Engineer: 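Structure provided below as structure tokens; questions to follow.
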Amino acid sequence: MVEHLEHYGVIKSKKVAEVMETIDRALFVPDGTPPYVDSPMAIGYNATISAPHMHATCLQLLEENLQPGMHALDVGSGTGYLTACFALMVGPQGRAVGVEHIPELLTSSIKNIEKSAAAALLKEGSLSMHVGDGREGWPEFAPYDAIHVGAAAPEIPQPLIDQLKPGGRMVIPVGNIFQDLKVVVKNLDGSVSVRSETSVRYVPLTSRDAQLRG
Ligand SMILES: C[S@@+](CC[C@H](N)C(=O)[O-])C[C@H]1O[C@@H](n2cnc3c(N)ncnc32)[C@H](O)[C@@H]1O
């Protein structure tokens, strides 16, 4: 899977290749699901684990803001795969935070991470997983160098902009039916620049009730 993503130029750096090899996707997909196929997979509760090429794209876009010691927030953490990758990148001196609003998914993401190469980071606390409405971010460990949003928002939630550090970067799908993956940079003077990276298709960033109603 990683070689394939490198071959097609989705993975461009050694660090991202290393992290995606170290965090084994097979531990994060439901039993009986082919782990290394480049496609999103249903994980229940009207949610999916994102396709490997989307995980790789987001890691590449955020790599500079996932250096050892930095703080990273993963909103809509789902299976916990990307949060675990963030935790390895920022290391034990950093902080990786996952927020998911379906408690059952949060519980299974913790079990997934406990089987993975990020287990020690979860145990000693530099990686933490929380139930909550990710549209509010997670103020406790703000400001963040990197924020990833794993579900599509109709517009960029202000609390997430507020929790981005000057110099920080957020990757977030924005839109309803037609969505763009936006890269949001908070400049050192506090102003914000936004650009579109590519067209995407994600499940909505919404309320728990709306998601469960489908
Ligand atoms: C595409 S899925 C999972 C993505 C995750 N990166 C993965 O690959 O496992 C998006 C997730 O966002 C969650 N979600 C949607 N709206 C949310 C909200 N307001 N707060 C927190 N999580 C939310 C969904 O429950 C779902 O698990």
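Since the model is a prediction, treat every value here as computed from it, not as a measurement. When a ligand or atom number is given, it counts from 1 through the structure's own listing order.
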Engineer: Ignoring hydrogens and angles, tell me if any N or O in the side chain of Arg25 forms a donor-acceptor pair with the backbone of Pro35 under 3.5 Å.
Structural biologist: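 Yes, Arg25 side chain to Pro35 backbone: donor-acceptor pair under 3.5 Å.
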Engineer: Taking the side chain as C-beta and beyond, is there a heavy-atom pair between Val37 and Met1 under 4.5 Å?
Structural biologist: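 Not touching, per the 4.5 Å side-chain cut-off.
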Engineer: If you measure only the distance, is there a donor-acceptor pair under 3.5 Å linking the side chains of Ser126 and Gln93?
Structural biologist: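 Ser126 vs Gln93: no donor-acceptor pair found between side chains.
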Engineer: Could you tell me whether the side chain of Ser128 and the main chain of Gly125 form a donor-acceptor pair under 3.5 Å?
Structural biologist: no
Engineer: Taking the side chain as C-beta and beyond, is there a heavy-atom pair between Tyr144 and Val97 under 4.5 Å?
Structural biologist: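 In short, these two side chains touch, coming nearer than 4.5 Å.
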Engineer: Within the structure provided, determine whether Leu160 and Val149 are in side-chain contact (heavy-atom separation under 4.5 Å).
Structural biologist: yes
Engineer: Tell me the residues surrounding ligand 1, counting only those with a heavy atom closer than 4.0 angstrom, sorted by chain and number.
Structural biologist: Ala47, Thr48, Ile49, Ser50, His55, Gly76, Ser77, Gly78, Thr79, Glu100, His101, Ile102, Leu105, Gly132, Asp133, Gly134, Arg135, Gly150, Ala151, Val203, Pro204, Leu205, Thr206, Gln211
